[in-house]
Amino acid sequence: MISPPKLRNDCFALPPGVDWIPMETALSTLRDRMTPVVGQRVLPVDQAAGMVLAAPAQAQRNNPPADNSAVDGFGFAGPVPDGPVEMALVEGRAAAGVPYGGNVPVGMAIRILTGAILPEGVDSVVLQEDVAREGERIAFNGPLKKGANRRLAGEDVRAGQPLLPAGHRLQPQDIGFLVASGISDVTVFERLRVGVLSNGDEVVSAGDSAPETLGPGAIFDANRPMLLAQLTQWGFEAVDLGCASDARDDLRGRLDRAATEVDAVLTSGGVSTGDEDHVSALLRDEGQITSWRIAIKPGRPLALGLWKGVPIFGLPGNPVAAFVCTLLFARPALEVLAGGQWRQPQGFDVPAAFEKRKKPGRAEFLRARIGSDGRVEAFSSEGSGRISGLSWSTGLVAFDEAERHVTPGDPVRFLPYAGF
Ligand SMILES: Nc1nc2c(c(=O)[nH]1)N[C@H]1C(S)=C(S)[C@@H](COP(=O)(O)OP(=O)(O)OC[C@H]3O[C@@H](n4cnc5c(N)ncnc54)[C@H](O)[C@@H]3O)O[C@H]1N2
Ligand code: MOO
């Protein structure tokens with residue numbers, strides 16, 4: 001007679017002597033192994049948004065380049081004491097791009113527009129709304145400090161100043177910053193090529209079959225287009241590696257090809273312990289596996305490894321686990337491979353709108369969003385196949401390994417998706 005093991009029905013139960021890897025241990029192992037793997041090139045700065053700087057950028061020019069007016073008004077030599085004052089205007093005006101060439105004598109004023117270089121003799125500007133004008137004379141009430149409404153040359157950026165370090169991923173506003181500081185070209189890293197491969201005989205590519213023609217055992221490949229879109233949004237070159245069947249040779253062939261075409265691979269499915277879980281088995285037998293069985297929910301079967309020197313993120317097949325593991329593990333690691341900095345997700349404490357009893361021993365992540373009352377709501381189900389909750393959510397609530405009983409109003413850590 002077969003003697004069965006004691007029923008635990010606990011996915012976090014491992015055979016005696018095998019331990020779950022704590023998430024922080026898996027992350028620091030990953031971090032230690034990552035270095036940039038991409039080449040460099042020079043690009044015109046206006047084509048460099050989303051690229052990672054490979055060399056620091058240094059200001060070529062002061063910003064602003066000269067002292068100028070912050071407002072439309074009248075310029076003169078300040079300060080002006082308390083009380084009413086009257087000034088005669090010089091002939092002409094100072095406008096942005098059309099400087100006034102003359103000198104403005106002490107006690108006189110000049111019509112000046114926002115952005116105009118301050119003419120000689122002018123160090124202060126009164127706002128036109130505060131002025132009464134009659135012909136070529138103006139009157140206004142002091143006091144006004146010397147330097148009022150003046151923008152000093154170089155007050156934002158000084159020529160020669162370091163602007164952005166190597167490893168910085170250029171945001172749209174950085175492009176404006178660099179251009180204003182006189183930079184026309186930047187040295188950037190080539191985009192990291194990241195392949196995405198799905199697994200499983202049941203998985204069908206969107207568009208290959210109409211929903212009504214699919215048998216009940218087939219499912220559409222949700223992970224691949226979701227992950228490709230996410231990688232593109234993060235600034236990587238996302239490469240579609242298709243879907244491998246549950247034949248090990250097919251998977252091996254696709255990984256071999258991927259190793260020559262891309263810098264890193266995200267696979268989904270086939271990492272657990274089932275008969276058809278070929279990704280983890282293949283990595284173990286013929287590649288390298290560096291972390292497996294990580295104490296997180298969702299995502300415990302996540303397998304991190306190498307295939308022919310190329311990092312593989314063996315994501316679980318359940319879409320929620322695949323997405324969450326991509327955020328937590330692939331995101332920071334890919335950024336380093338791409339020449340950037342290891343990224344710590346940004347988060348903040350928000351009162352919970354839900355109750356939760358959390359078991360000790362594993363980190364947990366709930367799909368969440370901020371409600372109209374400013375509290376954070378958690379998706380109604382923790383089921384890792386419930387992809388609707390990913391779409392519903394705008395971030396994750398993160399719990400560390402400790403046991404926790406959250407009641408409504410308790411602060412919890414919210415990590416917006418945009419902060420990864
Ligand atoms: N006996 C145990 N069974 C399972 C365990 C366990 O510890 N012991 N862990 C469970 C957990 S947690 C997860 S997560 C899954 C992960 O398993 P795999 O990575 O091996 O994934 P598959 O079995 O291939 O697929 C799981 C699930 O996801 C669906 N799937 C797969 N690929 C896609 C795709 N591209 N798009 C949409 N959905 C996909 C697949 O059909 C399955 O339903 O294992 C548990 N089992
Ligand atoms: O953790 Mo599996 O990661 O539930 O979906």
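All ligand and atom numbering here is 1-based and tracks the order in the structure.
- Using a 4.0 Å cut-off to heavy atoms of Ala321, the atoms of ligand 2 that qualify are 3 (O), 5 (O).
- Ser393 and Ala368 make their closest contact through CB-O, 3.3 Å (heavy atoms, listed as atom of the first residue, atom of the second, distance).
- Of the listed residues (Asn318, Val204, Val203), the one carrying the non-hydrogen atom nearest atom 15 (C) of ligand 1 is Asn318.
- Using modelled atom types, no side-chain atom of Arg254 and backbone atom of Gly242 make a donor-acceptor pair closer than 3.5 Å.
- Remark: minimum distance from atom 3 (O) of ligand 2 to any protein heavy atom is reached at Gly299 N, 2.4 Å.
- Interface atoms of ligand 1 facing Asp277, defined by a heavy-atom separation under 4.0 Å, are 20 (O), 23 (O).
- Heavy-atom contacts of Phe220 reach the following atoms of ligand 1: 36 (N), 37 (C) (cutoff under 4.0 Å).
- Every atom of ligand 1 is numbered from 1 in the order shown, and the set under 4.0 Å from a heavy atom of Ser198 is 35 (N).
- Within the listing of ligand 1, atoms 14 (S), 16 (C), 19 (O) sit less than 4.0 angstrom from a heavy atom of Pro316.
- Atoms CZ and CD1, from Arg367 and Ile387 in turn, are 9.5 Å apart once rounded to the nearest 0.5 Å.
- Rounding to the nearest 0.5 Å places CZ of Arg133 at 13.5 Å from CZ of Phe140.
- For atom 2 (Mo) of ligand 2, the nearest non-hydrogen atom from the set Pro319, Ser384, Gly383, Pro316 belongs to Ser384.
- With sequence neighbours left out, Phe414 forms a ring pair (Phe, Tyr, Trp, His ring centres under 6.0 Å) with Phe348.
- In Glu202, the part holding a heavy atom less than 4.0 Å from any atom of ligand 1 is the side chain.
- Residue-ligand proximity, Asn318 to ligand 2, at heavy-atom distances under 4.0 Å covers atoms 5 (O).
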For this session: Using the salt bridge (charged side-chain N to carboxylate O under 4.0 Å, His left out) rule, take Glu403 and Lys358 through it: C-alpha gap first, then chi angles, then the decisive distance, then the call.
Result: CA-CA 6 Å; Glu403 187 169 7; Lys358 182 197 161 287; over 6 Å; no
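- The distance from atom CH2 of Trp20 to atom CD of Glu401, rounded to the nearest 0.5 Å, is 12.5 Å.
- Lys297 does not count as a contact of ligand 2, since none of its heavy atoms falls under 4.0 Å from the ligand.
- Residue contacts with ligand 1: Gly200 is excluded, as none of its non-hydrogen atoms falls under 4.0 Å.
- In this structure, Glu261 does not pair ionically with Arg257, as no charged nitrogen and carboxylate oxygen lie closer than 4.0 Å.
- Distances below 4.0 Å separate heavy atoms of Gly269 from the following atoms of ligand 1: 19 (O), 21 (O), 24 (O).
- Scanning Cys243, Ala222, Gly317, Ala322 for the heavy atom closest to atom 28 (O) of ligand 1 points to Gly317.
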Report all side-chain donor-acceptor pairs from residues 307-330 shorter than 3.5 Å, counting only partners two or more places apart or in another chain.
{"from": "Trp307", "atom 1": "NE1", "to": "Asp256", "atom 2": "OD1", "distance (Å)": "2.9"}
{"from": "Lys308", "atom 1": "NZ", "to": "Asp256", "atom 2": "OD1", "distance (Å)": "2.9"}
{"from": "Thr326", "atom 1": "OG1", "to": "Ala322", "atom 2": "O", "distance (Å)": "2.7"}

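- At under 3.5 Å, not a single nitrogen or oxygen of Arg224, backbone or side chain, sits near a nitrogen or oxygen of ligand 1.
- Residue Ile219 touches ligand 1 through its side chain alone, judged by heavy-atom distances below 4.0 Å.
- Contact between Ser384 and ligand 1 is absent, with no heavy atom of the residue lying under 4.0 Å from the ligand.
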For this session: May I have the step-by-step check of ring pair (Phe, Tyr, Trp, His ring centres under 6.0 Å) for Phe379 and Phe354, ending in yes or no?
Result: CA-CA 9 Å; Phe379 187 59; Phe354 59 89; over 10 Å; no
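- Other residues, nucleotides and ligands contribute at most 12 non-hydrogen atoms within 6.0 Å of the CD atom of Glu120.
- Polar contact with ligand 1: present for Gly270 (N/O pair, distance under 3.5 Å).
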